[in-house]
2 protein chains.
Amino acid sequence: MPTISDVARAAGVSMSTVSYVLSGRRPISAETQARVKAAIAELGYHPHAGARALASSRTSVLALVVPLRVDVSVPVIMQFVTAVVTAARTYNHDVLLLTKDEGTAGLERVAGATMVDALIVMDVERDDVRIPALGRLKQPSVLIGLPDDAAGIACVDLDFAATAAECLRHLAGHGHRRIALVGPSPAVYERGTTYASRFLTGFTDAAAELGLDTVAHPCGPGAAGVRECLAEIDAELPEVSALVVHNEEALVPLLEELRASGRRVPEDLSIVAVCPRDVAVGLPVRLTSADIPAHDVGTLAVETAMNLLDGRRTPGTRLLAPTIVERDSCSSRD
Amino acid sequence: MPTISDVARAAGVSMSTVSYVLSGRRPISAETQARVKAAIAELGYHPHAGARALASSRTSVLALVVPLRVDVSVPVIMQFVTAVVTAARTYNHDVLLLTKDEGTAGLERVAGATMVDALIVMDVERDDVRIPALGRLKQPSVLIGLPDDAAGIACVDLDFAATAAECLRHLAGHGHRRIALVGPSPAVYERGTTYASRFLTGFTDAAAELGLDTVAHPCGPGAAGVRECLAEIDAELPEVSALVVHNEEALVPLLEELRASGRRVPEDLSIVAVCPRDVAVGLPVRLTSADIPAHDVGTLAVETAMNLLDGRRTPGTRLLAPTIVERDSCSSRD
DNA sequence: AGCGGTCGTCGAAGCGCTTCGACGATGGGG
DNA sequence: CCCCATCGTCGAAGCGCTTCGACGACCGCT
């Protein structure tokens, strides 16, 4: 492995000159640059990450904390992950993958050891113990999600309250007045994952504002969860004409259950789903959906982290506006 | 951030003593150890990863290369990833996440910069360009998968040929003689992902050996792919009584399509699927399946990497034996 | 002609850790 | 009783890089 001084010797310059060519932090003449770059290419030189980190106290690595045990759909998580990794690479950063189950210790380990420049944390809860821990680190962090007390922390997420309102507005625009929310699994609410409650609040508020008759129910896993949820909805809101489904896992069994019980979508029941586009179009009925912009959120999280690293002040919380895409699961009533 | 010399001063010993307490590479008296550990705890000392890497040329980081664009099911990939991350932590290592689309450059970057101690590479293809590149690195690597020429490289995977044979044996044991393989998407074959061809070869060989009538077809994405695949199977092998499905993505639309066309599982058609357990039990019909042991494979990959790092010789290729779990999708004929 | 200011480059001082050789202090064997 | 191991600890030399201060050379002014 050649070192920077091998390169310097080969190019007939000093180590510092090589370093400045690489970092661009001081002006170097075109000819010198060319000679240095040639030497680098010829020797196949790669700067040693550890040495660089030691001397500069920057690592070019981002930590990404992902949930391991999940009630939220795996493909969605993976979309966030790939968005973050891809975006990080555009800033010449790599991504160190931590799992949520390491809790606070994992954060402290990688931050304390100066393994990363910044942290991006997914799946934050209402009153997440990791938040105070993050505050104590010397590295900046960005949350994907929105805890109760987001003071002083950068947060990025979809605006779930607005999304719920938009779903209702869309259905109301098609003449629906009796609408039910099929929510995430009860476990998600209990854990205090705030996107669930933000969506629910948005749903309830918009329903009141629009003068709609609504009920909301969490929906447990599997066909059994779906059946139970539907039964409760039917009992509490007879002649419901539309469903807002904020639960990806429930989508397949839900459509199956409706089909089995002879209710056609959208003729008998309209559906607006909250899910990534590819899920919406991959089902037997192409669902009208509010997109979960995992890619945008992940990218924005990385950008925010980079701004923080550059000492730029950033808005504390960034909530992305919802987008509804009309497909085949929504009919009009009048 | 306290450094090792702060700790040394606080404990009244030299830096090297602190270092030896931490690494255990030289004997240190119990009293001294206690004093040092107390100082470490009190100061909240964390060794600086970069400095450590520079001095010792070991990073305690593993690179994991995952496929980004996938025809293989995302949850399965995620299972490998979590297995690798979890196993790595038991060896006090962290995981740097690379995506396959960076190709050879990504490997060379992290290896050249000494960011990682070893590499674990998923989704290797028949004649993967990354294999020669891996050979050139100074770090060892472990493949999850099996290329054509696995000489000199550590590989870990499920024994797909044996798995196929086992599936056929299971069905033959239930009296089935006319059996079709629903394979991965054509794209998977074209890309040269060898698990597909290994499975196919195992299927064909075992069919001959058992004297079965079989056909094999790849199965494109979505409901359309399934329909086409089934049509071809029915045309080429009338009165087929069982399906071996080696394609997770096809499972949902396949069951849907069978239901829609009035074929009951398992009364009219038996199915053995190749997929992780949770997928097999999460469908309308609980499928008899050959397990994809993502967790075991991931763990074994990490163990292999650690052995390699310790200079231990390891068997070049480790293929895990299949396990078939009987559920509700297989009926007997006689 | 003399002065200040860029520009391009160099030298050297660390960054925080590991590890090698050395060295007193014990202890056991001949 | 002496010698040689062994044990526990220390000092110092790097590991490969960044960065700060310095310093000629050269420019355009006055």
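Just so it is clear, the structure is predicted and the values come from calculations on it, not from any experiment. Just so we're on the same page: letters track the sequence lines, and every chain starts at 1.
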Item to check | Span of DNA chain C in contact with chain B (heavy atoms, under 4.0 Å) | outcome: dG16(C) to dA22(C)
Item to check | side chain to side chain contact (heavy atoms under 4.5 Å, CB included) between V156(A) and T304(A), worked out | outcome: CA-CA 9 Å; V156(A) 176; T304(A) 305; 4.0 Å; yes
Next on the checklist: Does S19(A) reach a base, just sugar-phosphate, or nothing at all? Heavy atoms under 4.0 Å.
Outcome noted: base
Item to check | Pair T17(B)-S14(B), side-chain donor/acceptor within less than 3.5 Å | outcome: yes
Item to check | Candidate pair D128(B) and V121(B), rule side chain to side chain contact (heavy atoms under 4.5 Å, CB included), full reasoning | outcome: CA-CA 11 Å; D128(B) 205 302; V121(B) 180; 6.0 Å; no
Checklist entry - Excluding sequence neighbours, so at least two apart, what forms side chain to side chain contact (heavy atoms under 4.5 Å, CB included) with T3(A)? => result S5(A), D6(A)
Checklist entry - Which residues, if any, of residues 21-44 of chain A bring a heavy atom under 4.0 Å of DNA chain D? => result R25(A), R26(A)
Next on the checklist: I want to confirm an ordering. Mapping G50(A) and T17(A) to their closest nucleotides on DNA chain D, which one lands closer to the 5' end?
Outcome noted: G50(A)
Next on the checklist: Does M115(B) form a side chain to side chain contact (heavy atoms under 4.5 Å, CB included) with V61(B)? I'd like the steps, not just the answer.
Outcome noted: CA-CA 7 Å; M115(B) 299 180 76; V61(B) 177; over 6 Å; no
Item to check | Side-chain donor-acceptor pair present, T193(A), R191(A), cut-off under 3.5 Å | outcome: yes
Checklist outcome for this item: Residue set satisfying side-chain hydrogen bond (donor to acceptor under 3.5 Å, both in side chains) with N307(A), at least two apart, ordered chain then number -> R312(A)
Item to check | DNA chain D contacts among residues 106-118 of chain B, heavy-atom distance under 4.0 Å | outcome: none
Checklist entry - If you take all heavy atoms of L320(A) and P293(A), which pair is closest and at what distance? => result CD2-CG, 4.3 Å
Next on the checklist: Between T3(A) and Y20(A), which residue's closest nucleotide on DNA chain D lies nearer the 5′ terminus?
Outcome noted: T3(A)
Next on the checklist: Between E125(B) and K100(B) (salt bridge meaning N to carboxylate O under 4.0 Å), is one present in this structure?
Outcome noted: yes
Checklist entry - Quick one: salt bridge (charged side-chain N to carboxylate O under 4.0 Å, His left out) partners of R109(B), sequence neighbours excluded? => result D94(A), E102(B)
Item to check | Sugar-phosphate only, base, or nothing, as touched by S16(A) at under 4.0 Å among non-hydrogen atoms | outcome: base
